[in-house]
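Here, residue 1 is the first one in the sequence, and each next residue gets the next number.
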Amino acid sequence: MAQKKLYGYLKARMGTRYPSMFEDDVFIGSINIAKLHVFAACLSDLTVHTVAKVGAEGALSQDEASALARHCHAAGLAQNAEALPDAQIVEDWRERFHDRIADLHWQNAATSGDCFSESPKALFKWAPIADELKRFDREIVENSIRFAFGEVTRAFRERADLSALARDWQSRSTRG
């Protein structure tokens, strides 16, 4: 989803020049950097959303929800390790995520729409488009990714057994 929204924004902004831009190595490098930062923000947002929902339904404590969030975030990074940049950037993402959840009230996060705050900002910030061209795009770009998350979260709600996920996490944490 991160790539789709990034490429969609680039295509809309560049119009007919879009295909020719992929012949420019500097531009391709900029896209690759943007892709990774948007991915990290999407992972952060999705982790907060899913853990908040699991925690609320399964009555996880603050500590249990935070531990589950750290576990899920680390698993997401590990599953994509081959595509990720140097270890320092990944460690920065991990630290920002840990800072984000340090004081997060999981029950409030489960009922609010604030879980998806990082990815819209990242998409807008990292898209390799001149700032003077971006200035009127913020609301449209940020909403495009928020609306896309609506489909993802709807599918999650329909498919996931939140209580079972919480019980599984609690049983793992008591064994480990």
Side-chain angles (χ1 to χ4, degrees), residues 1-54 68-97 100-101 104 109-110 112-160 162 165:
M1 183 178 71
Q3 271 187 238
K4 181 179 179 183
K5 289 301 168 185
L6 175 63
Y7 285 121
Y9 178 37
L10 295 174
K11 187 174 183 180
R13 205 37 148 139
M14 292 175 191
T16 59
R17 293 196 57 218
Y18 179 74
S20 67
M21 292 304 294
F22 286 88
E23 297 168 8
D24 181 337
D25 290 339
V26 173
F27 182 69
I28 291 170
S30 296
I31 291 173
N32 290 336
I33 291 168
K35 256 187 331 197
L36 294 170
H37 286 281
V38 176
F39 158 78
C42 286
L43 177 62
S44 176
D45 285 351
L46 282 170
T47 301
V48 168
H49 172 78
T50 56
V51 170
K53 294 296 185 185
V54 168
L68 176 57
R70 286 189 300 275
H71 172 79
C72 292
H73 189 262
L77 291 173
Q79 286 180 352
N80 292 280
E82 288 182 21
L84 299 180
D86 67 72
Q88 185 57 53
I89 292 173
V90 174
E91 187 55 35
D92 290 347
W93 292 339
R94 190 182 329 274
E95 281 182 37
R96 279 200 309 270
F97 181 74
R100 178 181 185 186
I101 67 167
L104 185 68
S112 76
D114 294 342
C115 296
F116 299 99
S117 59
E118 298 302 311
S119 50
K121 291 186 291 189
L123 176 59
F124 185 77
K125 175 183 178 179
W126 289 99
I129 295 172
D131 288 342
E132 62 270 11
L133 298 175
K134 284 183 178 181
R135 66 179 180 201
F136 299 114
D137 296 350
R138 181 179 297 276
E139 184 177 359
I140 292 167
V141 170
E142 290 183 356
N143 283 336
S144 75
I145 201 164
R146 281 190 191 102
F147 295 147
F149 274 125
E151 296 172 30
V152 173
T153 59
R154 192 171 19 267
F156 173 70
R157 281 192 312 270
E158 291 170 0
R159 296 178 183 157
L162 302 177
L165 291 168

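- Rounding to the nearest 0.5 angstrom, the gap separating the CG atom in L46 from the SG atom in C72 is 11.0 Å.
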F22 vs I31, side-chain contact (heavy atoms from CB on, under 4.5 Å): CA-CA, chis, key distance, verdict:
CA-CA 10 Å; F22 286 88; I31 291 173; 3.5 Å; yes

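- Checked for salt-bridge contact, E151 and R154 miss the test: no charged N lies under 4.0 Å from a carboxylate O.
- Put simply, the side chain of T47 gets close to the backbone of L43: a donor and an acceptor are under 3.5 Å apart.
- Taking each heavy atom of D24 and V26 in turn, the nearest pair found is OD1-N, 2.9 Å.
- A distance of 9.5 Å separates CZ of R138 from NZ of K121, quoted to the nearest 0.5 Å.
- The CE atom of M14 lies 10.5 Å from the OH atom of Y7; values are rounded to the nearest 0.5 Å.
- One finds the NZ atom of K5 at 13.5 Å from the CD atom of Q3 (value rounded to the nearest 0.5 Å).
- Between H37 and I89 there is a side-chain heavy-atom pair separated by less than 4.5 Å.
- Judged by distance alone, with hydrogens and angles left aside, the side-chain atoms of R13 form no donor-acceptor pair with the main-chain N or O of I129 at under 3.5 Å.
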Worked check of side-chain hydrogen bond (donor to acceptor under 3.5 Å, both in side chains) between S44 and R100:
CA-CA 9 Å; S44 176; R100 178 181 185 186; 2.6 Å; yes

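- A distance of 12.0 Å separates SG in C115 from CZ in R146, rounded to the nearest 0.5 Å.
- In plain terms, the two heavy atoms of P128 and L6 that are nearest each other are CD-CD1, 4.3 Å.
- At least one donor-acceptor pair closer than 3.5 Å links the side chain of K134 to the backbone N or O of F124.
- Nearest approach of P120 to D45, heavy atoms of both residues: CD-OD2, 3.8 Å.
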Might you work through the side-chain contact (heavy atoms from CB on, under 4.5 Å) test for F27 and L10, ending with a clear yes or no?
CA-CA 11 Å; F27 182 69; L10 295 174; 4.2 Å; yes

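- Here the closest heavy-atom approach between residue H73 and residue R94 is recorded as CE1-CA, 4.0 Å.
- In this structure, E132 does not pair ionically with R135, as no charged nitrogen and carboxylate oxygen lie closer than 4.0 Å.
- Of all heavy-atom pairs spanning L123 and S144, the tightest one is CD2-OG, 4.1 Å.
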Residue pair M1, F149: steps toward the side-chain contact (heavy atoms from CB on, under 4.5 Å) verdict
CA-CA 8 Å; M1 183 178 71; F149 274 125; 2.8 Å; yes

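- For the atom pair CG (N143) and CG (D137), the distance works out to 12.0 Å, reported to the nearest 0.5 Å.
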Given the rule in the side-chain contact (heavy atoms from CB on, under 4.5 Å) test, do I145 and C42 qualify, once you have shown the distances and angles that lead to the verdict?
CA-CA 9 Å; I145 201 164; C42 286; 3.8 Å; yes

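- Nearest heavy atoms, G76 versus F39: O-CZ, 4.0 Å.
- For I28, the CD1 atom sits in a packed shell: over 12 heavy atoms of surrounding residues, nucleotides or ligands are nearer than 6.0 Å.
- Using bins of under 30°, 30° to 60° and over 60° for the plane-to-plane angle, the ring pair F156/H49 lands in the perpendicular bin.
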